[in-house]
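Working notes, structure below.
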Amino acid sequence: MTPGLATVVMQSIQDGNGVPAHYEGIWTDRDDEGLRLVNEVGDAGMNTLLGSKEEMKRVRKARRTRDRLRDKHGQERMTLRMQFLEANDIYAAADGHSS
């Protein structure tokens, strides 16, 4: 987290508003789920023009999500967050817990 954001998050939670969603560097569950979708579709999938209606809907959603996350966090933070999520998944699997 960017210095100072911890205070914003704690105050928002204390006020009963949950984790604020619109701050660079604050990753919400929605952001993490979206990043996982972007990662699953991958670069090759993002550039596809052919597929079933269902596949193309998923690709369009991944593109929109990628753009939203880039605007909010930037590509470098997206890469770092995906590395964190993957490491966390490995740890959780080894520990016998789901993420």
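The analysis underlying the following values was restricted to heavy atoms, covering all of them including side chains, and did not include hydrogens, waters or symmetry mates.
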Checklist entry - What pairs with E33 under side-chain hydrogen bond (donor to acceptor under 3.5 Å, both in side chains), at least two apart in sequence or on another chain? => result none
Next on the checklist: side chain to side chain contact (heavy atoms under 4.5 Å, CB included) for Q11 and N17? Distances and angles first, verdict last.
Outcome noted: CA-CA 9 Å; Q11 185 63 50; N17 298 322; over 6 Å; no
Checklist entry - Going only through I, L, V, M, F, W and Y residues with side-chain contacts under 4.5 Å, is there a path from L37 to V59? => result yes
Item to check | Side-chain heavy atoms of Y23 within contact of T28, under 4.5 Å | outcome: no
Next on the checklist: Is there a path of hydrophobic side-chain contacts, each under 4.5 Å between heavy atoms of I/L/V/M/F/W/Y residues, joining F84 to W27?
Outcome noted: yes
Checklist entry - Which residue pairs satisfy the salt bridge (charged side-chain N to carboxylate O under 4.0 Å, His left out) criterion with at least one member in residues 50-68, sequence neighbours excluded? => result D31-R68, E40-R58
Next on the checklist: Run the side chain to side chain contact (heavy atoms under 4.5 Å, CB included) test on D89 and R36 for me, step by step, so that the C-alpha distance in whole Å, both residues' side-chain angles and the decisive distance to 0.1 Å come before the verdict.
Outcome noted: CA-CA 12 Å; D89 290 347; R36 287 181 187 278; 2.7 Å; yes
Next on the checklist: Does D43, at its CG atom, have more than 12 non-hydrogen atoms belonging to other residues, nucleotides or ligands within less than 6.0 Å?
Outcome noted: no
Checklist entry - For the atom pair CD (Q14) and OG1 (T7), what is the distance rounded to the nearest 0.5 Å? => result 11.0 Å
Next on the checklist: Just to verify, what does R81 make a side-chain hydrogen bond (donor to acceptor under 3.5 Å, both in side chains) with, not counting sequence neighbours?
Outcome noted: D32
Next on the checklist: I'd like to know if L5 and I13 are part of one continuous hydrophobic network [Ile/Leu/Val/Met/Phe/Trp/Tyr, side-chain heavy atoms within less than 4.5 Å].
Outcome noted: yes
Next on the checklist: So does I26 get a backbone contact from the side chain of K72, meaning a donor-acceptor N/O pair under 3.5 Å?
Outcome noted: yes
Checklist outcome for this item: Closest non-hydrogen contact found for G34 with T65 is CA-CG2, 3.4 Å
Checklist entry - Any donor and acceptor pair, going by atom type alone, linking the side chain of S12 with main-chain N or O of V19 inside 3.5 Å? => result no
Checklist entry - Any donor and acceptor pair, going by atom type alone, linking the side chain of T79 with main-chain N or O of Q75 inside 3.5 Å? => result yes
Next on the checklist: Please check: side-chain N/O of H73 versus main-chain N/O of G25, any donor-acceptor pairing under 3.5 Å?
Outcome noted: yes
